[in-house]
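What follows is a set of notes on a single structure, which appears directly below.
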Amino acid sequence: MDITARKEHIYNVITDIVRGKQLANRLPDHALYIAEIWARLPEYSDADIKSCINALCRAQRLEFGHTINDFWFKPKEKQQ
């Protein structure tokens with residue numbers, strides 16, 4: 001799988017996690033790296049996932065932040 005397809009797959013996984021939390025009215029509604037994203041992508045190495053997420057953040061497609069022991073990610077809201 002090429003890098004563009006990997007980035008889109010990882011973006012879609014993050015979007016799916018966030019959308020599921022929003023539909024269930026669960027807060028916070030972001031995707032946690034270790035607990036949720038990494039666990040749903042066993043076919044990729046940790047380095048591949050981090051590389052793709054970094055590229056998505058640089059492209060301003062994802063918001064991110066820290067928790068006490070993890071990182072969170074969420075698709076960036078489109079400005080109207």
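Every heavy atom of this structure was used, including side-chain atoms; hydrogens, water molecules and symmetry mates were not.
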Is Asn12 reaching over with its side chain to a backbone N or O of Glu8, donor-acceptor style, under 3.5 angstrom?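 Pair found, side chain donor or acceptor close to backbone of Glu8.
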Could you tell me whether the side chain of [Y] reaches within less than 4.5 Å of the side chain of [X], counting heavy atoms only?
{"X": "Val13", "Y": "Glu36", "value": "no"}
{"X": "Pro75", "Y": "Tyr11", "value": "yes"}
{"X": "Leu32", "Y": "Phe71", "value": "no"}

On a heavy-atom basis, which atom in Ile37 and which in Phe73 lie closest, and how many Å separate them?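 Smallest heavy-atom distance, with atoms named: CD1-CD1, 3.7 Å.
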If every non-hydrogen atom of Asp70 is compared with every non-hydrogen atom of Ala35, which pair is closest and at what distance?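 Nearest pair, atom of Asp70 first, then Ala35: OD2-N, 3.5 Å.
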side-chain hydrogen bond (donor to acceptor under 3.5 Å, both in side chains) partners of residues 23-34, not counting sequence neighbours, each pair once: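 Qualifying pairs, neighbours excluded: Gln22-Asp29, Asp29-Lys74, Tyr33-Asp46.
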What residues, two or more places apart in sequence or in another chain, satisfy salt bridge (Lys or Arg N to Asp or Glu O under 4.0 Å) together with Lys7?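 With neighbours one apart ignored, the set is empty.
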Quick one, Thr67 with Asn69, criterion side chain to side chain contact (heavy atoms under 4.5 Å, CB included). Give me CA distance, side-chain angles, the key distance, then yes/no. CA-CA 6 Å; Thr67 66; Asn69 57 358; 3.9 Å; yes
Decide side chain to side chain contact (heavy atoms under 4.5 Å, CB included) for Lys76 and Glu63; before the verdict, give the C-alpha distance in whole Å, the side-chain angles of both, and the deciding distance to 0.1 Å. CA-CA 5 Å; Lys76 200 159 199 173; Glu63 297 178 46; 4.0 Å; yes
Measuring from Asp48:CG to His9:NE2, what's the distance to the nearest 0.5 Å?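 Separation between the atoms: 12.5 Å.
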Nearest-0.5 Å distance that lies between atom CH2 in Trp38 and atom CD1 in Ile10: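 Spacing of CH2 (Trp38) from CD1 (Ile10) equals 13.5 Å.
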Are there over 12 heavy-atom neighbours, none belonging to Tyr44, within less than 6.0 Å of that residue's OH?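 Yes - once you tally the heavy atoms of other residues, nucleotides and ligands closer than 6.0 Å, there are more than 12.
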Quick check on the hydrophobic clustering: are Ile14 and Ile3 connected, directly or via other members, by side-chain heavy-atom contacts under 4.5 Å?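 No.
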Is Trp72 linked to Val18 within one hydrophobic cluster, defined over Ile, Leu, Val, Met, Phe, Trp and Tyr using a side-chain heavy-atom separation of less than 4.5 Å?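 In one cluster with Trp72: Val18, no.
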Taking distance alone, no hydrogens or angles, what donor-acceptor pairs closer than 3.5 Å link side-chain atoms of residues 52-60 to residues at least two apart or in another chain?
residue : atom : partner : partner atom : Å
Asn54   : ND2  : Lys50   : O            : 3.3

Under 4.0 Å between a Lys/Arg side-chain N and an Asp/Glu carboxylate O for Glu43 and Arg6?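 The answer is no: the pair does not qualify as a salt bridge.
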